[in-house]
Amino acid sequence: MARDPLVYALTIPNYGTFIYEISDKGLIRVNWEEEKDLREDYEDPLGLSRLLKLYFSGETVDFKGVPVDYRDISITYREILEFIRDIPYGNTITYGEVAERLGKPRSARVVGNAMRINPCPIVIPCHRLTARNGLGGYSLGIDKKILLLHLEGVNIC
DNA sequence: TATTACACCCTAT
DNA sequence: ATAGGGTGTAATA
């Protein structure tokens, strides 16, 4: 466990409150909670609050510049999470395709596991992964995945 | 150690 | 439609 993380919070009306932890190496995790009291991050050391506000206002935001602290994540999952950071806004890719691109064509399920433990939703855009036969899952609830894809203009059948 | 449970996907029945 | 095997990790015993 990385030590001495700093905790910040930002509420975006109609979407929720984002609590995020930052270490000296970067972002450790993002929690997306139901909206409670209004909270505003005035420090915003990584520029994340600004990006989140832009993102939820509908702008095409690239979170690739936000440093992530992967120290608590196994090398396999880390590789997968780093790979999917490059999926552009508004695009989707299949779990199986990611596995193929990483040279492990039978490991689609492992890719799903990496998404399941993704500590930084939105910043690491695991919502852009879909199953071959449908939408696939989302740890925070499938409605959140649909919301994000809709926000990015992805058409869902 | 061994077992189990996964945000999948392919190939058989 | 459904079952089972291939994958890697983490939680649990």
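Within every chain, numbering begins at 1; the chains are lettered A, B, ... in the order of the sequence lines, protein sequences first and strands thereafter. Every value quoted in this text rests on a predicted model; they were computed, and no experiment measured them.
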Undergrad: Looking at A:Gly16, is its backbone amide N or carbonyl O close enough to the side chain of A:Lys36 to form a donor-acceptor pair, meaning the two atoms are under 3.5 Å apart?
TA: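 Checking the backbone N and O of A:Gly16 against the side chain of A:Lys36, no donor-acceptor pair under 3.5 Å is found.
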
Undergrad: Output the rounded distance in Å from CD1 (A:Ile93) to P (B:dC8).
TA: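 In whole Å, B:dC8 P lies 16 Å from A:Ile93 CD1.
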
Undergrad: Could you identify the nucleotide paired to B:dT11, looking across every strand shown and requiring Watson-Crick or G-U wobble geometry with both distances under 3.5 Å?
TA: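 Base-paired to C:dA3.
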
Undergrad: For the side chain of A:Asp69 and the backbone of A:Ile22, is there at least one donor-acceptor N/O pair under 3.5 Å apart?
TA: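 Judged by distance alone, no pair lies under 3.5 Å.
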
Undergrad: Rounded to the Å, how far apart are A:Arg128 CZ and B:dC8 P?
TA: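 Atom-to-atom, A:Arg128 to B:dC8, this comes out as 20 Å.
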
Undergrad: Could you check A:Ala131 against A:Asn113 and say which one's nearest nucleotide on DNA chain B is further toward the 5' end?
TA: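 Between the two, 5'-proximity favours A:Asn113.
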
Undergrad: For C:dT7, does OP1 or OP2 lie under 4.0 Å from any side-chain N or O of A:Arg106?
TA: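 Looking at the OP1 and OP2 atoms of C:dT7, one of them is under 4.0 Å from a side-chain N or O of A:Arg106.
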
Undergrad: Can you tell me if the side-chain N/O atoms of A:Arg132 get under 4.0 Å from OP1 or OP2 in B:dC10?
TA: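 Yes, because at least one side-chain N or O of A:Arg132 sits under 4.0 Å from OP1 or OP2 of B:dC10.
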
Undergrad: Using a 4.0 Å heavy-atom cut-off across all strands, classify A:Gly136 as base, sugar-phosphate, or nothing.
TA: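 Result for A:Gly136 = nothing.
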
Undergrad: Any donor-acceptor pair under 3.5 Å linking the side chain of A:Thr11 with the backbone of A:Arg39?
TA: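 Yes.
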
Undergrad: Taking the six-membered ring for Trp, is the centroid-to-centroid distance between A:Phe56 and A:Phe18 below 6.0 Å?
TA: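 Judged by ring-centre distance (under 6.0 Å), A:Phe56 and A:Phe18 do meet the cut-off.
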
Undergrad: Of A:Arg109 and A:Ile73, whose nearest nucleotide on DNA chain C comes first from the 5' end?
TA: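 The residue closer to the strand's 5' end, by nearest nucleotide, is A:Arg109.
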
Undergrad: When you measure from every atom of DNA chain C, which of residues 74-84 of chain A have a heavy atom less than 4.0 Å away?
TA: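 Those residues whose heavy atoms fall under 4.0 Å from DNA chain C, taken from residues 74-84 of chain A in numerical order, are A:Ser74, A:Thr76, A:Tyr77.
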
Undergrad: Is it true that a side-chain atom of A:Arg128 and a backbone atom of A:Ile87 form a donor plus acceptor pair closer than 3.5 Å?
TA: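 Yes.
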
Undergrad: Please state the P separation for the pair C:dG4 and B:dT4 - nearest whole angstrom.
TA: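 My reading of the P atoms in C:dG4 and B:dT4 gives 15 Å.
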
Undergrad: Whole Å only: how far is the CD atom of A:Glu97 from the P atom of B:dC10?
TA: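 Distance, rounded to whole Å: 10 Å.
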
Undergrad: Which comes earlier along DNA chain B counting from the 5' end, the contact point of A:Lys145 or that of A:Glu100, where each point is its nearest nucleotide?
TA: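 The residue closer to the strand's 5' end, by nearest nucleotide, is A:Lys145.
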
Undergrad: Centroid separation under 6.0 Å, is that true for the rings of A:Tyr77 and A:Tyr70?
TA: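 No, ring centres 6.0 Å or more apart.
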
Undergrad: Just by modelled atom types, is the A:Ile117 backbone N or O under 3.5 Å from a matching donor or acceptor in the A:Asn113 side chain?
TA: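 Here the side-chain-to-backbone pair does not exist.
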
Undergrad: Rounding to a whole Å, what distance do you find between A:Asp72:CG and C:dT9:P?
TA: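 Nearest whole value for this atom pair: 16 Å.
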
Undergrad: Can you measure A:Lys104 atom NZ to B:dC9 atom C1' for me and round it to whole angstrom units?
TA: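 Nearest whole value for this atom pair: 17 Å.
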
Undergrad: A:Ala108 or A:Ile117: which one's nearest nucleotide on DNA chain C is closer to the 5' end?
TA: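 Its nearest nucleotide being more 5', the pick is A:Ala108.
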
Undergrad: Expressed as a whole number of angstroms, how long is the span from A:Tyr95:OH to C:dG8:P?
TA: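 The answer, rounded to whole Å, is 19 Å.
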
